[in-house]
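Notes follow once the structure below has been shown.
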Amino acid sequence: MSLKAGKGAHRAPSRWRSPYAIGGLGAAVGATVLATLVPAMATTTDADTDSAPSPAQSASVPHPERDWMGSTLSAHEKAAPKAAPAATPDAATVEGVDVSNHQGSVNWTSLWNKNVRFAYVKATESTTYKNPAFSSQYNGAFKKGMIRGAYHFALPNKSSGSKQADFFVRNGGDWSDDGKTLPPVLDMEYNPYGGTCYGKTKAQMVSWIKDFSNRVKSLTSRDPVIYTTTSWWKSCTGNSGAFASKNPLWVARYAASPGALPAGWKTHTIWQYTSTGPVVGDHNRFNGSLTALKALAKG
């Protein structure tokens with residue numbers, strides 16, 4: 001979300017200029033006050049970047065409230081109950097969560113007290129859904145002191161990657177180098193409405209992801225993080241190694257370790273290790289120190 005956090009914070013170039021972008025504020029204006037200006041995200045049938053969705057388009061995405069990061073995994077991949085990562089030194093990882101409207105009002109204080117220091121919030125899905133709880137969740141994490149970011153649940157069979165990127169960036173997925181905003185995330189997982197790979201060939205899927213990624217980069221100056229599972233990636237992209245040099249990897253695996261990674265990536269940046277963690281369920285580990293996490297946010 002393109003909000004400046006304090007005097008002099010430089011906003012990354014973007015085609016989309018938020019009506020809430022504010023310049024020239026004195027040092028007395030705090031980042032928390034600015035955070036309250038995030039516009040409300042509402043409705044499941046907002047217009048896409050070119051035109052309003054037809055009734056058929058809207059009806060074809062019948063349950064976006066049940067689509068969140070990792071919501072499709074249990075039906076396709078074996079997971080360990082109450083998965084927990086193997087013990088690591090405290091300084092080696094940072095605990096985080098991901099949330100959507102599924103969680104509703106989030107107890108950020110409780111999460112902070114459990115050492116959660118970053119959060120990702122679902123912003124959009126396809127080009128017809130905006131999380132109605134986005135503002136309260138995004139701001140709630142920020143006010144508690146967490147580093148936060150936004151993610152897009154992709155439906156590649158509904159529209160082009162660039163069109164979905166446009167919708168995402170306009171509705172929560174922008175980035176600012178304020179040191180508190182993590183790079184945008186593309187959620188690529190099993191199709192909750194049909195065939196695993198959304199009716200696309202492996203080459204078509206790779207092309208779609210490139211279209212989305214390139215568009216986000218052009219609008220925000222950041223290459224998006226790609227969230228996926230190794231199994232889905234192998235099935236639907238042919239285990240493409242085309243993204244490892246630019247896009248950080250967020251791997252999902254509910255087990256004691258991240259396991260084998262998709263082709264090209266030598267390490268993961270974030271690991272979603274469980275959907276049954278405390279307070280919100282979906283918990284993650286950043287693969288590095290808090291200092292490294294802040295560096296990722298800063299870009």
Side-chain angles (χ1 to χ4, degrees), residues 12-15 49 67 69-70 72-73 76-77 98 120 122-127 149-169 173-175 182-192 194-253 257-272 284 286-288 292 295-297 299:
S14 174
R15 203 186 92 186
T49 53
D67 305 336
M69 191 174 276
T72 66
L73 269 62
H76 297 273
E77 298 188 20
D98 57 271
Y120 265 101
K122 180 179 178 179
T124 51
E125 180 173 335
S126 188
T127 58
Y151 78 87
H152 174 77
F153 193 101
L155 296 182
N157 58 325
K158 298 299 180 185
S159 54
S160 67
S162 59
K163 181 172 287 190
Q164 292 194 30
D166 286 347
F167 184 74
F168 173 48
V169 172
D174 208 348
W175 175 80
L182 290 163
V185 170
L186 171 62
D187 179 355
M188 297 300 308
E189 59 182 275
Y190 299 93
N191 182 2
T196 294
C197 301
Y198 300 87
K200 292 191 176 294
T201 66
K202 295 175 176 64
Q204 288 171 338
M205 186 64 76
V206 169
S207 179
W208 193 96
I209 296 170
K210 285 181 178 179
D211 191 31
F212 183 98
S213 180
N214 291 340
R215 186 63 167 168
V216 167
K217 177 66 179 289
S218 72
L219 297 175
T220 70
S221 83
R222 296 300 302 270
D223 293 298
V225 176
I226 294 177
Y227 167 96
T228 194
T229 74
T230 300
S231 179
W232 184 92
W233 193 260
K234 287 180 177 180
S235 295
C236 297
T237 74
N239 208 21
S240 172
F243 301 91
S245 64
K246 297 193 304 180
N247 302 86
L249 173 66
W250 186 341
V251 66
R253 184 172 187 256
S257 71
L261 303 180
W265 282 288
K266 298 185 182 304
T267 187
H268 65 282
T269 296
I270 305 174
W271 167 33
Q272 186 188 56
N284 306 272
F286 173 75
N287 189 18
L296 176 66

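Small disclaimer: the values here were computed from a predicted structure and weren't measured.
Between Ser126 and Phe167, the shortest heavy-atom contact is O-CD2, 3.4 Å. Smallest separation of non-hydrogen atoms from Lys246 and Pro248: O-CD, 3.4 Å. For the residue pair Tyr190 and Ser231, the shortest heavy atom distance occurs at OH-OG, 3.4 Å. The two atoms that bring Met188 and Pro156 nearest to each other are CE-CG, 3.8 Å, heavy atoms only. For the pair Gly173 and Ala150, the tightest heavy-atom approach, listed with the atom from each and the gap, is CA-CB, 4.1 Å. Between Pro183 and Tyr120, the shortest heavy-atom contact is O-OH, 2.7 Å.
With rounding to the nearest 0.5 Å, the separation of CG in Leu249 from CH2 in Trp233 is 8.5 Å. For the atom pair Met205 CE and Ser240 OG, the distance stands at 11.5 Å (nearest 0.5 Å). Note that OG1 of Thr124 is 5.5 Å distant from CZ of Phe168, once rounded to the nearest 0.5 Å. Atom CD1 of residue Ile209 and atom CZ of residue Phe243 lie 5.0 Å apart, to the nearest 0.5 angstrom. Note that CH2 of Trp232 is 9.5 Å distant from CD of Glu189, once rounded to the nearest 0.5 Å. Between Arg222 atom CZ and Asp174 atom CG the span is 12.0 Å, to the nearest 0.5 Å.
By the 6.0 Å contact criterion, NZ on Lys210 is open, its count of non-hydrogen atoms from other residues, nucleotides or ligands being 12 or less.
With Thr269 as the fixed residue, the side-chain contact (heavy atoms from CB on, under 4.5 Å) test singles out one of Leu296, Ile226, Val251, Val225: Leu296.
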Next on the checklist: Does Asp166 form a side-chain contact (heavy atoms from CB on, under 4.5 Å) with Thr127? I'd like the steps, not just the answer.
Outcome noted: CA-CA 9 Å; Asp166 286 347; Thr127 58; over 6 Å; no
Item to check | Stepwise side-chain contact (heavy atoms from CB on, under 4.5 Å) check, Cys236 with Thr196 | outcome: CA-CA 8 Å; Cys236 297; Thr196 294; 3.7 Å; yes
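Judged purely by distance below 3.5 Å, without hydrogens or angles, the side chains of Ser162 and Ser160 pair a donor atom with an acceptor atom. Side-chain polar atoms of His152 and Gln164 form a donor-acceptor pair below 3.5 angstrom. Of the N and O atoms on the side chains of Trp250 and Asn284, at least one donor lies less than 3.5 Å from an acceptor on the other residue.
Under a 3.5 Å cut-off, the side chain of Trp175 and the backbone N or O of Ser221 do not form any donor-acceptor pair. Judged purely by atom type and a 3.5 angstrom limit, Arg215 has no side-chain atom pairing as donor or acceptor with the backbone of Leu219. With Asp211 contributing its side chain and Gly161 its backbone, the two residues share a donor-acceptor pair below 3.5 Å. Not a single donor-acceptor pair under 3.5 Å links the side chain of Trp208 to the backbone N or O of Ala203.
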Less than 3.5 Å apart, which donor and acceptor atoms pair up between the side chains of residues 259-268 and the rest of the protein, not counting sequence neighbours?
from: Trp265; atom 1: NE1; to: Asn247; atom 2: O; distance (Å): 2.7
from: Thr267; atom 1: OG1; to: Asn287; atom 2: ND2; distance (Å): 3.0

